[in-house]
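Quick notes on the structure that follows.
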Amino acid sequence: MTDTPKLPEGYEISTDPHRIDAGRVHRWLSTDAYWALGRPREKHDRAVQGSLNFGVYDAVSGEQVAYARVVTDLATFAWLCDVYVDPSVRAKGLGTALVAAVREHLAPHGLRRILLATHDAHGVYEKLGFTALDRPEEWMVLAFGR
């Protein structure tokens, strides 16, 4: 496992579901995240309710500045998704620290794997130990559309 990047000073990470700013996260994802453009609020809320959620917050104001969601059984498998950092705080290492915190939070559960999909952030995830699938030909998907 790789070193755990430190969260920049002035920020904190929480898995408290009551701290998630659902409206802000929905706005981020549905208007600015290529994988979730147009996602309806009701669908977003159901996804949040059925997931383990991570927020990054400004330690002074409490304002949420980043988000990640994990779908998991906490025994064998996890899917990391909806990782988003507000444009106003990008390039500070918040995204890398957030994903590292997710990895560290899940490590004690003995999961066999954590999966994710990305179009353009391979380098971020590779720094944290993620690699391409060894045998992608063994994986399949049943897609219902968006």
Side-chain angles (χ1 to χ4, degrees), residues 1-136 138-139 141 146:
M1 195 159 301
T2 61
D3 291 336
T4 301
K6 300 293 184 217
L7 191 63
E9 190 172 326
Y11 295 95
E12 58 191 15
I13 295 176
S14 175
T15 58
D16 180 352
H18 298 101
R19 290 190 70 184
I20 299 296
D21 184 338
R24 173 175 274 213
V25 173
H26 174 256
R27 187 171 51 258
W28 284 337
L29 298 177
S30 67
T31 64
D32 192 41
Y34 67 84
W35 65 90
L37 293 175
R39 180 183 291 168
R41 176 66 190 264
E42 182 273 331
K43 184 172 281 202
H44 167 76
D45 289 345
R46 282 190 295 139
V48 169
Q49 290 170 4
S51 301
L52 174 60
N53 301 278
F54 292 76
V56 178
Y57 304 88
D58 180 287
V60 174
S61 70
E63 178 182 27
Q64 186 168 357
V65 297
Y67 176 76
R69 184 168 69 88
V70 179
V71 180
T72 184
D73 59 12
L74 291 176
T76 62
F77 175 82
W79 171 42
L80 173 61
C81 55
D82 288 346
V83 178
Y84 188 91
V85 177
D86 188 274
S88 69
V89 295
R90 288 184 185 161
K92 293 183 176 187
L94 293 173
T96 302
L98 173 59
V99 174
V102 169
R103 181 189 68 191
E104 298 306 313
H105 184 91
L106 294 173
H109 295 282
L111 305 177
R112 182 165 180 162
R113 65 181 49 94
I114 301 171
L115 290 180
L116 64 84
T118 184
H119 177 71
D120 58 358
H122 295 80
V124 171
Y125 296 107
E126 287 169 349
K127 287 189 284 188
L128 297 167
F130 286 85
T131 62
L133 291 172
D134 286 335
R135 296 180 305 278
E138 293 181 2
W139 292 85
V141 63
R146 295 193 180 260

N/O donor-acceptor pair under 3.5 Å between D120 side chain and T118 backbone: no
Nearest atoms (heavy-atom pairs only) where D16 meets H18: OD1-N, 2.9 Å
R112-T76 side chain donor-acceptor pair, cut-off 3.5 Å: no
H109 side chain vs A75 backbone, donor-acceptor pair below 3.5 Å: no
Geometric class of the Y125/F130 ring pair [parallel <30°, tilted 30-60°, perpendicular >60°]: perpendicular
Side chain to side chain contact (heavy atoms under 4.5 Å, CB included) assessment of V48 paired with R46: CA-CA 5 Å; V48 169; R46 282 190 295 139; over 6 Å; no
Separation between CZ of R19 and CD1 of I13, rounded to the nearest 0.5 Å: 11.0 Å
Min side-chain heavy-atom separation K127-T96 under 4.5 Å: yes
Note, V89 side chain near Y11 side chain (heavy atom, < 4.5 Å): yes
Main-chain N/O of N53 paired with S51 side-chain donor or acceptor, under 3.5 Å: no
Side-chain touch E126/T131, heavy atoms, less than 4.5 angstrom: no
Pairwise distance CD(E104) to CG(L128) - rounded to 0.5 angstrom: 9.0 Å
Atom pair CG/CG of L133 and L115 - distance to nearest 0.5 Å: 6.5 Å
Closest contact, heavy atoms only, L111 versus A78: CD1-CB, 3.6 Å
Salt-bridge contact E9-K92 (side-chain N to carboxylate O under 4.0 Å): no
Nearest-0.5 Å distance that lies between atom CG in D58 and atom CD in Q64: 11.5 Å
Shortest non-hydrogen contact between G62 and Y57, atoms and distance: O-CD2, 3.5 Å
Evaluation steps, side chain to side chain contact (heavy atoms under 4.5 Å, CB included), between F54 and Y67: CA-CA 6 Å; F54 292 76; Y67 176 76; over 6 Å; no
Matching residue for V102 among T15, I114, L52, L80 - test: side chain to side chain contact (heavy atoms under 4.5 Å, CB included): L80
Check ion pair D82-R39 (N to O, under 4.0 angstrom): yes
Check against side chain to side chain contact (heavy atoms under 4.5 Å, CB included), W79 and V70: CA-CA 6 Å; W79 171 42; V70 179; over 6 Å; no
Donor-acceptor pair between D86 and S88 side chains, under 3.5 angstrom: yes
Exam field: side chain T72 to backbone F77, donor-acceptor pair closer than 3.5 Å: yes
Rounded distance [0.5 Å steps], CG in L116 versus NE2 in H122: 8.0 Å
Value rounded to 0.5 Å, distance of CG in L29 from CZ in R41: 11.0 Å
Candidate pair I20 and V25, rule side chain to side chain contact (heavy atoms under 4.5 Å, CB included), full reasoning: CA-CA 8 Å; I20 299 296; V25 173; 4.2 Å; yes
Salt bridge present between R90 and D32 (N-O < 4.0 angstrom): yes
